[in-house]
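A short write-up of the structure that comes next.
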Amino acid sequence: MPVLLAQLSDTHVVADGTDEVLYVDNNARAAIAVAAIGQEAPSVAAVLATGDLTQWGTDAEYDKLAEVLAPLNVPILPIPGNHDTRAGLRRCFPDHPWPAAQQEGDHLSWVVELDGVRIIGLDTTVPGAPGAAFDPDREAWLRAALSISHAGPTLLAMHHPPFVTGIEWMDASGFVGLDRFLAVIAEAPVDRILCGHMHRPMSSMVAGVSAEVGISTAVHVALELAPEGPVQIIRDPIGYRIFRVDGSAIVGHTRYVDTGEAPFAPAWADIN
Ligand SMILES: [Fe+2]
Ligand SMILES: [Fe+2]
């Protein structure tokens, strides 16, 4: 039986009553996506949440995030984004198999096996900074995680994509240790890399592995590939990804929500 996994990303949930200008209603849009995930049939086995789940990582925002996600009745697998805090995520998701409490600053990476699918959550964040890091500690951790043999597919989730996207103002925050990361992936049994952070869907290949950025429910980054192009955002359609994992066959779908559209049968539906 295929395993279905949803990927929710960059919800940027805010506290009630915020006066921050967000250009869209982050909380309402996250709630719409959550409701749609709950209506998926067949149902998804888990929801992978690829970071920036809150806007600023405050306690009030994590309380609101818990409220927004509460309708989900499947495991939520969260990874930190640069807008999250590690302490906030631990508090918001107390049942998640986080690493044992470590020294302040240690990365919040984990491994979960779900219906034969191994999912690795790699914390690429640098507290207080927007960019990514893959340092020797994380290299050792990832090599150890991947050294454990696993008969089924392995998905690697990380907030920051391990490739240059061409949207320069977003790329500018950087990925320290990218070559170190790619060297691990080149030798590792990883079937798909799933990311967030970029606020628009993208795909690439890194060290022979397909790497994809999910779709955000908050405002999107505008597609601007000109060198030194302007910082621009856009209210593109929102939604989430669904990955259908059937052994090593992994297909990524996109579910748009809040479009005002619904499926219907065309006149030629009986052509088969
Ligand atoms: Fe984000
Ligand atoms: Fe981010």
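Note that the structure is predicted; figures quoted are calculated from it, not measured. Atoms within a ligand are numbered from 1 in the order they appear, just like the ligands themselves.
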Considering just N/O/S atoms, say which atom of H199 is closest to the Fe ion (ligand 1). NE2
Flag the pair F243 / V3 as yes when at least one side-chain heavy-atom distance between them is below 4.5 Å, and no otherwise. no
Starting from the Fe ion (ligand 1), look over the N/O/S atoms of D52 and name the nearest one. OD2
Please tell me whether T217 and R29 have a donor and an acceptor in their side chains that are separated by less than 3.5 angstrom. no
Go through V47 and L77 one step at a time and tell me if the side chain to side chain contact (heavy atoms under 4.5 Å, CB included) criterion holds. CA-CA 6 Å; V47 176; L77 309 176; over 6 Å; no
The Fe ion (ligand 2) as vertex, arms to NE2 of H159 and ND1 of H197: angle to 10°? 90°
Quick check: does N82 have an N/O/S atom under 2.8 Å of the Fe ion (ligand 2)? yes
Flag side-chain contact, heavy atom, 4.5 Å: N82 against H159: yes
Looking at the Fe ion (ligand 1), which N/O/S atom of D10 is the nearest one? OD2
Would you kindly say whether Y240 and E40 are connected by a side-chain donor-acceptor distance under 3.5 Å? yes
